[in-house]
Amino acid sequence: MPKMVILTGFMGSGKSSVGTLVAERLGCRYIDLDAAIVEAAGCSINEIFARDGEAAFRELESAQLEQLLLVGEGGVLATGGGAVISPRNREVMRKCGLVINLKVTLDQVLARLHGCSDRPLLAGDDAAQRAAALMKEREQFYADADIRIDTDGKSVEDVANEILCRLKGFSA
Ligand code: S3P
């Protein structure tokens, strides 16, 4: 069993729900990178983006990620969809844990995030076009994972079970 299981994937791919369930089944702690950022910053992700911009958010994201991973406690970590953009983040993730990418289709993302107001990168009228462009741009980074799991048409339970099955093949 790897010490840290790290979930990556686009917004709406189910990282948080799946991560919570996998951690529960493994009896280990669940860590949410976005929640850690919000706690450290003392304000919401929307507020960080609006007040300081995306670059400032990415700095906070990298700092929190590194801190969580380098502390070295085990668990399941769900990252934000853009955490994979930074080469350094990808390097630290691959070094400190087993990286599992949850693949999701654009249609699923749009259906799941419809009406959500807490994703600043998808705010506004042209959300579908922006989501499509971001997904395309990030595909190469999501591919940089130890395991990729297709979530299309699968429930949170299905995806969690698949991860648990795949984890059996890995040692610490
Ligand atoms: C982002 C994804 C969000 C959050 C922020 C930026 C992204 O997390 O970190 O809004 O760049 O894809 P989720 O993937 O949990 O929605």
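In what follows, every heavy atom counts, from backbone to side chain, and hydrogens, waters and symmetry copies are set aside.
In this structure, Q129 CD and L106 CG are separated by 10.0 Å, a value rounded to the nearest 0.5 Å. Here the CG-CG distance, from N46 to D118, works out to 6.5 Å after rounding to the nearest 0.5 Å. Here I100 contributes atom CD1 and L77 contributes atom CG; the two are 11.5 Å apart, rounded to the nearest 0.5 Å. Distance check: T8 OG1 to R138 CZ gives 11.0 Å after rounding to the nearest 0.5 Å. Expressed to the nearest 0.5 Å, how far CG of N101 lies from CG of D146 amounts to 10.5 Å. Atoms CG and CD1, on D158 and I149 in that order, are 11.0 Å from each other to the nearest 0.5 Å.
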Below 3.5 Å, can you tabulate the donor-acceptor pairs from side chains in residues 33-45 to any protein atom, sequence neighbours excluded?
| unit_1 | atom_1 | unit_2 | atom_2 | d |
| --- | --- | --- | --- | --- |
| S44 | OG | E47 | N | 3.1 |
| S44 | OG | E47 | OE1 | 3.4 |

For residues 13-22, which side-chain N or O atoms pair as donor and acceptor with protein atoms under 3.5 Å away, sequence neighbours left out?
| unit_1 | atom_1 | unit_2 | atom_2 | d |
| --- | --- | --- | --- | --- |
| S13 | OG | F10 | O | 2.7 |
| K15 | NZ | G9 | O | 2.8 |
| K15 | NZ | F10 | O | 3.2 |
| S16 | OG | D32 | OD2 | 3.3 |
| T20 | OG1 | S16 | O | 2.6 |

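With respect to E66 and R88, a salt bridge is recorded, a charged nitrogen being found less than 4.0 Å from a carboxylate O. Salt bridge status for D152 with K103: absent, with no side-chain N to carboxylate O gap under 4.0 Å. Residues R58 and E54 are paired through a salt bridge, judged by an N-O separation under 4.0 Å between the basic side chain and the carboxylate. With salt bridges taken as basic N to acidic carboxylate O contacts below 4.0 Å, none links E137 and R130.
The shortest non-hydrogen separation linking R90 to I85 is NH1-O, 3.0 Å. Between R148 and R166, the shortest heavy-atom contact is O-NH1, 4.3 Å.
Partners of R112 according to the salt bridge (charged side-chain N to carboxylate O under 4.0 Å, His left out) rule, which considers only residues two or more places apart in sequence or in another chain, do not exist here.
Following chains of ILVMFWY side-chain contacts shorter than 4.5 Å, one can reach L60 starting from M93, so the two form part of one hydrophobic cluster.
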